[in-house]
Amino acid sequence: MSDDRPVLIVGAGGLGAPSALILARSGVRLRLVDDDRVDITNLQRQILFTRDDLGEKKVDAAKARLLEAGSPAVEAIDARVVPENAAEFFAGVSLVLDGTDNYATKFMLFDYARAAGVPIVSAGAVRLSGWTMASFPQGGPCLRCVFEDLPAGPTATCAEAGVVGPVVGLIGALQASLALRILSGQENEVRGRLLRYEGLSGSIRRSSPLPRKGCSSCADPATYLSTRGYAPN
Ligand SMILES: [Zn+2]
């Protein structure tokens, strides 16, 4: 990769594990942030880890494995990204890959990435289906053009509703593929594409949502962030 800045991966779980492994094998520097430990119940989908890692901090187990896989440098940060600390993790990165499992954090990461001027590859997966799309600092469509905001009412996370291991493996791999294309200068081929995988039918659909008129994030990401009620530092 010509870009020597690290890719920030938030979450070393079902999405972050496969995407980190693929990016490491592609020789990408990584900054991995997670505050969780390896648990027996996640081993079926978190393919970075084995039984030998049970009870270990995910970032510690992941760092050793990602260096072995070929990443030239891995910053492993044992933390949860919250509004109070978000900005520091975005400093100096080439792009952000969202491997988290809840929508509130996904929108928060998206808002900070845009305000920091870095592309972000968002994704979600619950039960048998998943999606991914990349958003860029300028212009739409962006994540908020497509989803606008948190779905009304309770939303299922993969921790609550469950997710089938191959679904997050596939979505994580698609995220890594989008990230590698952005790092290779193919932004225009990636921009505006929403990829959805439906596990029951086994289909991957690509759609091209239009920028949403009146999307406040597209109009001015920094101002939008300041109106969200987060506490940027
Ligand atoms: Zn937008």
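Order of listing sets the numbers, starting from 1, for every ligand and every atom in it. The model shown is predicted, which means the values in this text are computed figures rather than measured ones.
- For the Zn ion (ligand 1), the set of protein N/O/S atoms nearer than 2.8 Å consists of Cys142 SG, Cys145 SG, Cys215 SG, Cys218 SG, ordered by chain and number.
- Ion pairing of Arg80 with Asp36 is absent here, as no side-chain N (NZ or NE/NH1/NH2) approaches a carboxylate O to less than 4.0 Å.
- If you chain together hydrophobic residues whose side chains sit under 4.5 Å apart, Leu54 and Val59 fall into the same group.
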Take Asp53 and Arg65, measure what salt bridge (charged side-chain N to carboxylate O under 4.0 Å, His left out) needs, and give me the verdict at the end. CA-CA 11 Å; Asp53 303 318; Arg65 209 136 294 144; 2.5 Å; yes
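- Of all heavy-atom pairs spanning Pro221 and Arg114, the tightest one is CB-CB, 3.8 Å.
- Between Trp131 and Phe147, the ring planes lie tilted relative to each other; the angle falls in the 30° to 60° range.
- Between the CG atom in Leu48 and the NZ atom in Lys63 there is a gap of 14.0 Å [rounded to 0.5 Å].
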